[in-house]
Amino acid sequence: MSEHALKPDVLGGPWMREKFFLGMSLRAYAKSLLTPVNAIATAILLAGIPTIAYRFWKGLGATTNLSQTNAWGIWVAFDVICGVALAAGGYTVACAVYIFGQKAYRPILRPAILTGFLGYALVLFGLVVDLGQPWRLPYQFFLTPGTTAVMYEVGWCVFLYLMVLGLEFAPAALEWLGLVKLRRVLGSLTIGIIVLGVTLSTLHQSSLGAFFLMTPGKLHPLWYSPFLPIFFFVSSITAGIGMVVVESALSHRAFHDRLDPAAPVDLDRITLGLAKGGAIVLFAYFFIRLQGLVASGRFDLLATGWGAWYLFEMLGFVLLPCLLFAVAARRGGATLARVAGVLTVLGVILNRFNVSLIAFNWNVPNRYFPSAGEVITSLTIVTIGVLIFRWIVNRMPVVHEHPDWRGAH
Amino acid sequence: MKLNRRTLFKLGAVAGAAGAAGIATTSRASVASASKGARGVLVDTTRCVGCRGCEAACAEANTLAGPEMPGDDAVFASKRATSPTAFTVVQKGTQKSPTGEDRFAKMQCMHCVEPACASGCVVKALEKTADGPVVYHTDRCLGCRYCMIVCPFGVPKYEFASVTPLVKKCTFCAGRQAQGLPPACTEVCPSGALQFGKRADLLEEAKTRIYTNPEKYVHKVYGEDEAGGTSWLYISDVPFESLTLPAGIEKKPYPELADGALSAVPFVITLWPPLLMGMYTFSKRRDEVAAAEGTGKQEEGHV
């Protein structure tokens with residue numbers, strides 16, 4: 001516990017150096033930041049932050065391509081609806097490790113929870129940018145709650161789940177800061193917190209689909225279904241698995257020096273386990289989507305252009321990754337599993353875009369296409385997430401276990 | 001199971017979730033459905049002459065800029081929609097009547113009996129009143145624009161140009177109605193195309209006109225069951241689509257479409273935590289047995 005001996009002190013002192021400057025002097029640390037990746041990130045932020053400021057100064061009309069017929073754009077479709085789905089890795093892996101007792105997935109648990117936590121925080125940020133009067137966001141909780149609204153339930157769930165994710169990730173931060181007592185208390189709460197997190201996720205992941213239950217006629221019949229909440233819930237699990245496969249592969253490479261040489265992680269083996277789960281869930285998802293089609297009885301629409309687009313999504317981004325995951329799991333091809341993971345993630349993004357933008361208002365003459373400002377803003381939000389993720393992983397025990405807390409809850 | 005601290009925490013989590021169930025109780029009953037005395041307007045499009053007096057009266061009553069191109073019929077050349085500064089517009093139909101006259105239809109909020117917008121509003125900014133109007137509370141709206149997403153008639157419009165934007169739509173002159181006055185548009189209509197009254201009476205009146213002139217009218221009251229019924233009712237002697245009234249609207253009340261999903265919420269909240277706790281107990285027991293047998297399999301997991 002040598003770290004506990006270090007006390008906070010002046011900038012550049014040993015505590016700051018250890019905790020914030022990765023053990024380097026201030027000057028050496030500043031120099032280490034001059035990398036091509038940081039240059040790109042800086043360029044994005046330099047374009048994005050003034051764009052966001054401009055949006056609040058001049059309004060939505062000045063920055064977006066939203067219109068009276070297209071009331072929602074990519075700030076809802078990508079930042080919020082895709083964002084929530086792509087942050088599903090947190091509850092998926094937490095459920096596997098703690099509830100189903102699949103301890104082999106422990107090494108990827110904390111990165112998944114951190115991705116989830118940052119994902120939800122950025123969903124909230126995206127929402128604030130998109131809402132006309134975001135300062136009224138708390139009204140739904142105490143002033144004039146619209147209890148009949150699907151969004152009311154989503155609001156509560158996302159708000160509570162953000163706190164749950166904070167608690168799920170807090171052990172890493174407490175281990176980093178050496179706050180032993182608090183860390184131990186939190187450890188004893190783990191299972192309760194995880195159960196709450198899975199329950200809240202089940203609710204709001206499905207309810208995002210329920211947003212569109214009141215839009216028959218506006219959402220193309222190939223995507224509109226009374227089963228939309230179930231589609232959204234099951235596909236959030238596929239998104240969680242896909243994101244974890246992709247994110248762990250990237251992290252493993254990018255944070256190689258942060259891995260614990262004393263406890264080597266066989267990521268290929270973990271990936272193949274995920275591939276098996278991914279194949280099963282994608283297969284189930286493919287068939288419940290088919291059931292939706294059967295229930296609607298609109299096979300005739302498959303012969304239209306929209307039908308081709310529907311099949312593109314269903315075959316190319318649901319069935320194909322399902323088969324690739326299955327082949328990878330059977331033959332032991334971790335690289336193939338990662339390809340399938342990428343396809344799965346793209347498939348969920350494609351599905352959310354189809355439901356909320358592309359196949360929505362399909363019969364309206366003036367279609368929406370995002371403005372440059374909207375794209376830059378979304379890009380900025382993702383960049384902020386990646387930078388915070390990297391900052392935390394480089395400091396806290398995320399991709400490796402803290403030596404004092406090995407195997408602890 | 002021995003009741004120790006750990007168990008208490010687990011119970012606490014379950015109780016917490018059950019408490020959330022109380023918060024998330026959802027019921028359509030709180031969207032006041034129209035009472036028997038709820039008001040409506042009957043639009044007899046066979047009587048409308050397209051003078052657009054209603055547009056001018058609406059602008060005056062709501063202190064909006066006056067209608068574009070007043071008194072100029074050239075305005076009918078392009079298809080117009082309501083906007084943040086025009087809560088009602090009169091459109092010329094694409095089909096002439098059997099007698100060769102132009103047909104027009106006035107567009108505005110339909111004031112659904114069970115409105116999708118109000119049931120979907122997270123802050124109750126839109127509310128259905130017992131008298132009929134769907135009213136908007138400017139001091140509540142947070143600008144999520146979900147009302148625009150769900151409205152089957154495309155009515156709510158948003159002030160995208162503003163930094164403190166609001167939703168804008170026809171108010172059914174709720175303020176005037178509260179003072180015992182009819183909506184401004186119905187008051188000025190010179191041809192008797194707009195008739196204000198109790199919805200139930202107007203529905204009878206509409207059907208009486210159809211029954212007594214079966215050759216003249218299309219045998220349908222638009223709004224009787226569109227989206228579960230609307231306060232504004234239309235009768236016509238040309239197809240309703242030609243009057244640019246949206247076709248193919250679901251016949252059931254829109255809030256009903258989300259009922260199934262909302263009613264599942266309390267079940268998930270009460271059933272998921274014990275189910276998950278049960279699974280946790282099983283997997284923990286499995287690990288304990290494996291550890292006791294010294295197989296060491298629990299560390300391998302099931303990859």
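Chain letters run A, B, ... following the sequence lines, proteins first, then strands; residues in each count from 1.
Listed options B:Ala81, B:Ala258, B:Pro165, B:Ala261 were ranked by heavy-atom pairs under 4.5 angstrom with chain A; first place goes to B:Pro165. The greatest number of non-hydrogen atom pairs below 4.5 Å with chain B, out of A:Ile230, A:Leu143, A:Leu203, is found for A:Leu203. Of the listed residues A:Gly59, A:Cys95, A:Gly155, A:Pro216, the one with more heavy-atom pairs under 4.5 angstrom with chain B than any other is A:Pro216. Comparing A:Asn361, A:Leu219, A:Thr202 by heavy-atom pairs within less than 4.5 Å of chain B, the highest count is held by A:Thr202. Contact count versus chain B (heavy atoms, under 4.5 Å) is highest, among A:Phe141, A:Phe212, A:Trp135, A:Phe100, for A:Phe100.
B:Tyr158 and A:Gly132 get closest at one heavy-atom pair: OH-CA, 3.1 Å.
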Considering only distance and modelled atom types, tabulate donor-acceptor pairs under 3.5 Å from the side chains of residues 144-154 of chain B, sequence neighbours left out.
unit_1, atom_1, unit_2, atom_2, d
B:Arg145, NE, A:Ala71, O, 2.7
B:Arg145, NH1, A:Asp130, O, 3.0
B:Arg145, NH1, B:Gly143, O, 3.1
B:Arg145, NH2, A:Ala71, O, 3.2
B:Arg145, NH2, A:Asp130, OD1, 2.9
B:Arg145, NH2, A:Asp130, OD2, 3.0
B:Tyr146, OH, A:Phe211, O, 2.4

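A:Ile99 CD1 to B:Tyr280 OH: the interatomic distance, rounded to the nearest 0.5 Å, is 8.0 Å.
Interface remark: B:Ala116 contributes backbone and side-chain atoms alike to the contact with chain A (heavy atom separation under 4.5 Å). Only the backbone of B:Ser162 comes within contact range of chain A, with at least one heavy atom under 4.5 Å from a heavy atom of that chain.
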>> Is there a salt bridge (Lys or Arg N to Asp or Glu O under 4.0 Å) between A:Lys103 and B:Asp287? Walk through the geometry before answering.
In response: CA-CA 10 Å; A:Lys103 302 234 164 46; B:Asp287 287 354; 2.6 Å; yes
> Hey, mind stepping through A:Arg136 and B:Val123 against side chain to side chain contact (heavy atoms under 4.5 Å, CB included) and telling me if it holds?
Replying inline: CA-CA 9 Å; A:Arg136 290 173 172 179; B:Val123 287; over 6 Å; no
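Residues of residues 62-70 of chain A lying within less than 4.5 angstrom of chain B, judged on heavy atoms, are A:Leu66, A:Ser67, A:Gln68 in numerical order.
With a 4.5 Å cut-off on side-chain heavy atoms, B:Ser119 and A:Met214 count as touching.
Within the 3.5 Å criterion, the main-chain N or O of B:Ile269 finds no donor-acceptor partner in the side chain of A:Thr199.
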